[in-house]
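Here's the structure we're looking at; comments come further down.
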Amino acid sequence: MSSQPSIDVYAPLPFKSKLDAQKTALTLSSTAPFAPSYIISSVTQNSDPTAIYNNRVKGRTMLLENPAKDSRLKKDLERKVQLRKEEKERRKLGIVGRKKRQERGIWKFDRKQIKYAQLLPLHHLWIGYMSELLGLPSPPAGAVRADSLGSGVPSSASMHPKLLKADFHGAVITVKDSKNNSLVGMSGILIHETENAFKLVTPENQVKMIPKENSIFAFAVPVYSTLPPSFSPGTPYPLPSIDTQDVAPSPFIPSSNQTVLEVPHLLFDLYGNQFRFRSSERAGRKFKHKETIEL
C-alpha cells in the first residue's frame, strides 16, 4: 500500500480571502492619493483598472454619501413659521383675508339703500381711470367732423393688453349675448367682480348678479379723455358732484348725471368664458392669444 500525505485541515489557507483583503490597509502618499488607489485596488475583475479610473472617475465630482434630508416635522414647522410671518405682514398692511371678509360682511350690500344715481361718481372715476390708462387724447376745442372723430385715439392692439388687466369696478356693462335669454340687454354699473360673476346695479336701482359663463358683455370707453388739462399722473382723479343741473364742459365729456354711453365712445366686447378670473389675478396674469369661442 502507498502511503498518502497527511493534510492539516487547521493550517492557514495559502491565499488571502476577500475578508482579509478588505482589512488590508492602503498605503497612501502624495504619489498615490486615496481615490485612485482605492478604486484601482477594488476593480480586480477588469484587465485594466487604471483605464477605468481615467475614463469614468478622474476629474468628476463623486457623492460619497447621501446628504441628510429634512424631516417632515421640520418642514411642517418651517411652513407654519412662514405662514405666521405672512399673516403678520398682512396685518401690518391692513389686508383682510377672504374668511375675514365673509365674517365681516364687507361685500354684503343693502339692496334698498343702493341707488344708481349714487354710483355715477364712481362711474366718472372709472372714466378718468380709463383716460389715463389708455392714454386717450384731449377733446378738441371746436366741432369735429364725423369722419375725423377719434383720429388721435390709440390703436386697439395697444389698448387690448391694458384692458385685460384693468379694473372694471364703476364701468357700465351690458349683456350683449347669453345662453340665458332673460339676461340679454341687462345693463348697469359694476360694483363687485368675482371669479365667475359680475354684480351690477341697474338704472332701476336693482342689484343683479350676472354669471360670466356663456355670456358676452359689452362696455364702452370715451373717445377723448375726460381729465382736465391741469391733471398730472399720480394725483387723485377729479370727483364730480351729484348735481342734476350740471352741464358738461364739452360735448365729448359726460356731465355728472350722464354715463359714457351718452357721449362719443368706443365699444368693446368681453367674452365671459375667457374672463373667469378675479380682478387681482388678472393684474398679474399673462394671457395668451386664443380664438374667439362663440356661444
Side-chain angles (χ1 to χ4, degrees), residues 95-111 113-116 118-134 156-222 259-262 265-295:
I95 300 176
V96 182
R98 181 178 181 181
K99 185 176 180 180
K100 292 292 183 181
R101 290 198 301 265
Q102 292 178 352
E103 292 177 354
R104 298 179 184 179
I106 294 179
W107 292 112
K108 292 182 180 179
F109 303 96
D110 188 354
R111 297 173 180 264
Q113 295 182 358
I114 296 180
K115 304 297 181 183
Y116 184 83
Q118 295 177 348
L119 297 175
L120 288 176
L122 175 64
H123 174 63
H124 283 265
L125 283 177
W126 183 82
I127 295 176
Y129 162 64
M130 284 290 109
S131 300
E132 182 183 11
L133 178 67
L134 303 178
S156 59
S158 64
M159 289 192 288
H160 286 165
K162 298 178 181 179
L163 291 173
L164 282 173
K165 301 183 178 183
D167 188 350
F168 287 90
H169 291 89
V172 175
I173 294 182
T174 305
V175 182
K176 183 178 179 180
D177 195 7
S178 177
K179 284 190 175 181
N180 186 355
N181 294 330
S182 62
L183 299 178
V184 177
M186 194 170 294
S187 178
I189 297 177
L190 177 64
I191 59 173
H192 187 205
E193 179 187 359
T194 63
E195 182 178 359
N196 296 307
F198 288 129
K199 185 177 286 188
L200 309 177
V201 177
T202 65
E204 293 78 19
N205 301 325
Q206 297 179 351
V207 180
K208 300 291 185 180
M209 182 71 80
I210 311 297
K212 295 180 181 179
E213 187 177 7
N214 299 327
S215 296
I216 299 177
F217 302 90
F219 67 95
V221 297
T259 64
V260 68
L261 298 177
E262 301 177 60
H265 57 271
L266 303 173
L267 204 60
F268 293 90
D269 289 343
L270 191 155
Y271 289 82
N273 289 335
Q274 303 180 21
F275 212 70
R276 295 171 63 183
F277 304 99
R278 296 185 180 91
S279 57
S280 58
E281 294 177 353
R282 286 191 287 103
R285 185 179 180 85
K286 293 183 180 180
F287 288 88
K288 296 182 180 180
H289 177 72
K290 295 181 180 180
E291 296 294 334
T292 300
I293 303 175
E294 301 292 345
L295 293 179

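The side chain to side chain contact (heavy atoms under 4.5 Å, CB included) test applied to N196 returns R276, not counting sequence neighbours. Partners of R282 under the side chain to side chain contact (heavy atoms under 4.5 Å, CB included) rule, at least two apart in sequence or in another chain, are F168, E193, F275, F277, S279, F287.
Not one N or O on the side chain of N214 forms a donor-acceptor pair closer than 3.5 Å with the backbone of S178. When atom types are taken as modelled, the side chain of K165 and the backbone of S280 share no donor-acceptor pair closer than 3.5 angstrom.
Of all non-hydrogen atoms in S187 and V172, the two that sit nearest each other are OG-CG1, 3.7 Å. The shortest non-hydrogen separation linking A166 to L133 is CB-CD2, 3.7 Å. Between M209 and A197, the shortest heavy-atom distance links the atoms SD-CB, 3.5 Å. Scanning all heavy atoms of the two residues, the minimum distance from M130 to D167 falls at CE-O, 4.4 Å. The nearest pair of heavy atoms linking L120 to T259 is CD2-CG2, 3.9 Å. For L200 against G188, the heavy-atom pair with the smallest separation is CD2-O, 4.1 Å.
Annotation: the span from Y271 atom OH to I216 atom CD1 amounts to 4.5 Å, rounded to 0.5 Å. Atoms CG and CG, from L163 and L270 in turn, are 9.0 Å apart once rounded to the nearest 0.5 Å. Between the CG atom in L183 and the OG1 atom in T174 there is a gap of 12.5 Å [rounded to 0.5 Å]. The NE2 atom of H123 sits 3.5 Å away from the CD1 atom of I127 when rounded to the nearest 0.5 Å. To the nearest 0.5 Å, atom CE of residue M159 and atom CG of residue L266 are 5.5 Å apart. Here I173 contributes atom CD1 and L190 contributes atom CG; the two are 4.5 Å apart, rounded to the nearest 0.5 Å.
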Worked check of side-chain contact (heavy atoms from CB on, under 4.5 Å) between F217 and D269: CA-CA 6 Å; F217 302 90; D269 289 343; over 6 Å; no
Candidate pair Q206 and V201, rule side-chain contact (heavy atoms from CB on, under 4.5 Å), full reasoning: CA-CA 5 Å; Q206 297 179 351; V201 177; over 6 Å; no
Working for side-chain contact (heavy atoms from CB on, under 4.5 Å), residues K176 and V184: CA-CA 6 Å; K176 183 178 179 180; V184 177; over 6 Å; no
Verdict with supporting geometry, R278 and T194, side-chain contact (heavy atoms from CB on, under 4.5 Å): CA-CA 6 Å; R278 296 185 180 91; T194 63; over 6 Å; no
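Under a cutoff of 6.0 Å and an axis angle of 45°, K212 and F198 form a cation-pi pair.
In this structure, H265 and L261 have side chains that are in contact, with non-hydrogen atoms separated by less than 4.5 Å. A 4.5 Å side-chain heavy-atom check between V260 and V221 finds every atom pair outside the cut-off. Looking at heavy atoms from C-beta onward, Y116 lies out of side-chain contact with T202 at the 4.5 angstrom threshold. In this structure, N273 and E213 have side chains that are in contact, with non-hydrogen atoms separated by less than 4.5 Å.
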